[in-house]
Novice: 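Have a look at the structure that comes next, please.
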Protein chains: 2
Amino acid sequence: MNKSRKITLSEVASAAGVSPITVSRALRDPAKVSPEARARIDEAIRELGYVPNPAARALASGRTDVVGVIIPSVSNNVFGDVTRGIYDALEGSALSVQMGNTRYSPVIEEKLIRVFLSQRPAGLIVAGHDQSPAARAALESAECPVVQLMEVGPAPIDMAVGLSHYDASWAGAAHLLEQGYRAPAFLGAQMDPRSQRRLQAFRDCLAGAGIGIDDPVVTTPEPSSVSLGCRLFADLLSRSPGTDAVLCNNDDIALGVLFEARRRNLRVPQDLGICGFNDLEMMAAAEPAVSSVATDRLEMGRAAIGLIRDRLAGRGQPRGHALDLGFRLMARASTRRGG
Amino acid sequence: MNKSRKITLSEVASAAGVSPITVSRALRDPAKVSPEARARIDEAIRELGYVPNPAARALASGRTDVVGVIIPSVSNNVFGDVTRGIYDALEGSALSVQMGNTRYSPVIEEKLIRVFLSQRPAGLIVAGHDQSPAARAALESAECPVVQLMEVGPAPIDMAVGLSHYDASWAGAAHLLEQGYRAPAFLGAQMDPRSQRRLQAFRDCLAGAGIGIDDPVVTTPEPSSVSLGCRLFADLLSRSPGTDAVLCNNDDIALGVLFEARRRNLRVPQDLGICGFNDLEMMAAAEPAVSSVATDRLEMGRAAIGLIRDRLAGRGQPRGHALDLGFRLMARASTRRGG
DNA sequence: GATACTGATGACAGCGCTGTCATGCGTCAA
DNA sequence: TTGACGCATGACAGCGCTGTCATCAGTATC
């Protein structure tokens with residue numbers, strides 16, 4: 001294995017006694033090369049330690065094997081799971097990912113989409129469906145498969161995988177009411193468009209049930225965390241002391257509420273019902289176990305890559321395909337008051 | 001903004017009335033181009049919506065602006081923080097990252113290192129310092145800056161950022177003993193080399209203190225999670241009922257222990273001391289707050305990129321430079337027994 | 001026996017950019 | 001005035017690979 005100098009495809013070709021183009025084909029589409037030639041080429045590749053140069057390939061073919069993934073945050077637990085699903089599904093393919101981090105800014109998102117598209121990616125995954133008009137236009141004229149992730153909405157640009165955050169949040173709110181809670185509140189951090197829709201569902205659900213208390217909602221644009229959950233809950237109690245349940249925008253917040261409730265000797269679920277969102281692994285392990293609206297984030301990532309791979313393989317879904325992964329209300333001890 | 005066809009550097013050049021090479025220089029090293037030419041070029045770039053083609057650049061120059069990051073897991077909380085630090089520090093630079101996921105396999109790690117290096121990256125970040133001899137050799141002859149992340153050890157291949165996991169774990173164990181716990185146990189998941197060293201420190205510390213109980217250690221190669229913490233702790237209690245404290249390999253586990261202890265009506269810290277590792281944000285928010293050995297994972301990622309950027313800018317650290325970020329024992333209520 | 005077709009392989013050019021060397025011009029010391 | 005030097009710019013070639021055609025057996029069809 002010669003490591004000091006770059007081995008090129010031509011060197012492999014002469015070692016195998018074929019022309020460079022045949023080696024290229026053996027790599028890209030083995031079926032087009034005779035088994036004997038293939039065997040000699042494979043042997044030469046192994047012997048020389050040849051690794052293809054992706055830059056040269058991209059330049060010559062005008063395509064890359066890179067899937068762009070544009071998400072608001074690399075640190076958020078939720079996107080961490082999605083990312084894992086993406087890497088999972090990439091296993092065994094020649095594709096790689098290029099992450100872009102919008103930091104929840106539509107301007108950065110638009111710029112990233114433009115830059116990624118200019119590199120002729122094999123596919124593009126973007127979080128949400130709230131792109132700016134210009135970004136949307138760019139995605140519509142993209143020559144690669146595009147998947148909008150996290151959320152299914154009215155009109156996918158190309159394909160979409162996710163769930164209805166409105167419906168999911170509604171289910172959480174309805175669950176609290178069913179359990180007999182009469183003064184539920186909403187706690188939200190990182191109020192991105194999906195969180196806004198979740199809040200809207202909460203408000204609509206309460207209004208629909210004729211619960212007319214004055215908007216027991218505490219939100220913040222800060223990124224979500226457990227300690228933020230503690231603070232938001234403390235804030236809520238000082239504003240709306242009569243609160244008997246909280247629907248949390250996500251599980252970090254819910255866990256913070258659980259801890260803060262314990263600190264204040266509030267009994268969960270008797271004095272306070274808690275419902276989270278996403279159903280992170282720890283919610284079921286908590287004491288008491290915390291109810292949450294489960295979303296399958298791993299599967300979201302996997303499915304997104306699956307759609308792209310299928311499309312690249314020519315057997316993909318048509319434009320406009322939306323895959324609704326749904327949600328599941330995980331009713332646990334933290335809301336089991338009986339009602 | 002013409003979006004349908006790719007704008008090339010030559011088109012920008014003719015629009016600006018200069019030669020292509022001048023545009024190239026204006027992009028790569030603006031100081032080498034006269035201010036007037038630069039202004040006209042910038043104008044043309046904006047007007048045409050030009051975006052450079054990284055593949056062509058990589059092919060022509062033999063370099064890329066990609067930093068390879070090879071980590072065991074994309075989902076693990078710890079690496080999530082490190083990754084965030086990396087993205088943080090990349091902000092405002094032309095560099096991008098390419099993630100590689102070893103899934104804790106030295107074989108995959110070696111392969112990834114080889115593949116990444118063959119693409120002439122701008123830099124390479126690898127987790128830990130337990131590379132296989134072949135991988136180590138490949139890294140040693142790499143032409144780019146290499147940073148070993150997470151851990152500082154005897155002989156960095158090039159540069160290293162991290163901490164001594166042995167020392168950090170020792171501090172946790174010693175803290176439990178100082179607080180008067182006499183039968184501490186160790187709970188570990190995902191027993192990678194760093195975890196092994198943490199376990200070793202625990203054993204050595206207990207032995208040093210003359211505590212000769214028979215190895216109260218429960219470990220598993222499974223990935224760590226809160227519910228796994230519950231199970232490991234249940235397991236531990238059935239094996240070593242006399243346990244009065246646990247040092248956890250990481251915070252997920254510690255949180256699981258906290259929940260499981262509550263489920264069993266064990267009082268924390270009186271009946272049971274709990275100390276985690278890493279000090280995830282939620283530990284301080286828990287009730288009772290959980291002690292942990294804090295590591296600055298964000299800074300680790302940031303510093304790694306910082307070292308690479310400095311080196312690329314020609315003002316970097318010499319080979320062999322190791323940056324020890326240390327650790328801090330966060331003594332909280334979960335171990336505050338007084339002793 | 002001539003034509004059409006299939007399958008394996010090759011020749012050639014060029015993807016968009018940058019490294020290297022060359023050029024032309026103005027400035028300064030001798 | 002001359003030569004040396006620095007600065008901005010340009011010409012040329014080529015990075016490693018693949019798309020597009022062309023070629024050439026070998027087989028099938030009438």
Side-chain angles (χ1 to χ4, degrees), chain A residues 2 5-42 44-45 48-66 94 115 117-122 143 312, chain B residues 2 5-42 44-45 48-66 94 115 117-122 143 312:
Chain A
N2 183 346
R5 235 177 38 70
K6 297 283 278 189
I7 306 296
T8 71
L9 186 141
S10 313
E11 297 172 64
V12 173
S14 37
V18 295
S19 76
I21 191 65
T22 303
V23 178
S24 172
R25 267 195 288 259
L27 254 29
R28 273 227 142 318
D29 194 352
K32 286 197 171 159
V33 174
S34 67
E36 308 83 56
R38 223 184 307 154
R40 270 177 299 142
I41 290 168
D42 287 348
I45 287 175
L48 296 169
Y50 169 71
V51 181
N53 180 332
R57 175 175 288 180
L59 184 59
S61 69
R63 297 173 297 102
T64 63
D65 290 333
V66 175
V115 170
L117 281 180
S118 80
Q119 295 168 214
R120 295 182 179 275
E143 285 162 4
L312 293 176
Chain B
N2 183 344
R5 234 177 37 68
K6 298 282 279 189
I7 305 297
T8 70
L9 187 141
S10 312
E11 297 172 64
V12 173
S14 38
V18 295
S19 76
I21 190 66
T22 303
V23 178
S24 172
R25 267 195 287 260
L27 254 29
R28 273 227 143 317
D29 194 352
K32 285 195 172 160
V33 175
S34 68
E36 308 84 57
R38 222 183 308 156
R40 268 178 299 141
I41 290 168
D42 287 348
I45 287 175
L48 296 169
Y50 169 71
V51 182
N53 180 330
R57 175 175 287 178
L59 183 58
S61 69
R63 298 172 298 103
T64 63
D65 290 334
V66 174
V115 170
L117 282 180
S118 79
Q119 294 168 214
R120 296 181 176 276
E143 285 163 2
L312 293 176

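Hydrogens, waters and symmetry mates play no part in the numbers below; they use all other heavy atoms, side chains included. In what follows, chains carry the letters A, B, and so on, assigned in the order in which the sequence lines appear, proteins first and then strands, with residues in each chain numbered from 1.
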Novice: Without decimals, in angstroms, what is the distance between A/Leu9 CG and D/dC15 P?
Specialist: 13 Å
Novice: Of all the heavy-atom pairs spanning B/Leu59 and A/Ala56, show the shortest one and how long it is.
Specialist: CD1-CB, 3.7 Å
Novice: Counting the atoms with a prime plus P, OP1 and OP2 as sugar-phosphate, which does A/Pro20 contact under 4.0 Å by heavy atoms, base, sugar-phosphate, or nothing?
Specialist: nothing
Novice: Taking atom P of C/dC15 as reference, at what distance in whole Å does atom CD of B/Glu11 sit?
Specialist: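 Distance check: B/Glu11 CD to C/dC15 P gives 11 Å.
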Novice: Rounded to the nearest 0.5 Å, what separation is found between the CD1 atom of A/Ile41 and the CD atom of A/Glu36?
Specialist: 11.0 Å
Novice: Return the minimal non-hydrogen interatomic distance between A/Leu27 and A/Pro52, and the atom names on each side.
Specialist: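 In terms of heavy atoms, the two residues are closest at CD2-CG, 4.4 Å.
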Novice: Do you know which two heavy atoms are closest between A/Arg25 and A/Val33, and how far apart they sit?
Specialist: CB-CG2, 3.8 Å
Novice: Measure from the side-chain N and O atoms of B/Thr64 to the backbone N and O of B/Ala58, and report whether any donor-acceptor pair falls under 3.5 Å.
Specialist: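 It does not hold such a pair.
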Novice: Distance check needed: D/dC17 P versus A/Asp65 CG, whole Å only.
Specialist: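 Result: 14 Å.
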Novice: Between C/dG16 atom P and B/Arg63 atom CZ, what is the distance in whole Å?
Specialist: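 These atoms are roughly 20 Å apart.
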Novice: Nearest to the side chain of A/Ser61, which nucleotide is it out of C/dG19, D/dG19, C/dG14?
Specialist: D/dG19
Novice: To check you understand the geometry: which heavy-atom pair defines the closest contact between B/Pro30 and B/Arg38, and what is its length?
Specialist: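 Smallest heavy-atom distance, with atoms named: O-NE, 3.2 Å.
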Novice: Separation of A/Leu59 atom CG from D/dC15 atom C1', in whole Å?
Specialist: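 Atom CG in A/Leu59 sits about 9 Å away from atom C1' in D/dC15.
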Novice: Which distance, rounded to the nearest 0.5 Å, do you find between the CD of A/Glu143 and the CG of A/Leu117?
Specialist: 9.0 Å
Novice: What is the minimum heavy-atom distance between A/Leu48 and A/Ile7, and which atoms define it?
Specialist: O-CG1, 3.5 Å
Novice: At under 4.0 Å between heavy atoms, which parts of nucleotides 4-9 of chain C does protein reach? Answer with one letter per nucleotide, 5' to 3': B base, S sugar-phosphate only, - none.
Specialist: ----SB
Novice: Can you give me the closest heavy-atom contact between A/Val115 and A/Ser118, atom names plus distance?
Specialist: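 Scanning both residues, the minimum pair turns out to be O-OG, 2.7 Å.
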Novice: Roughly how bent is the helix from C/dG1-D/dC30 to C/dA30-D/dT1 end to end, in steps of 10 degrees, with each end axis from five pairs?
Specialist: 30°
Novice: CG of B/Asn53 versus P of C/dG16: gap in Å, rounded?
Specialist: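 Rounded to the whole Å, the gap is 7 Å.
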Novice: Could you give the CG-to-P distance, from B/Leu27 to C/dT18, as a whole number of Å?
Specialist: 7 Å
Novice: Can you tell me how far C1' of D/dG16 sits from OH of A/Tyr50, to the nearest Å?
Specialist: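 The answer, rounded to whole Å, is 8 Å.
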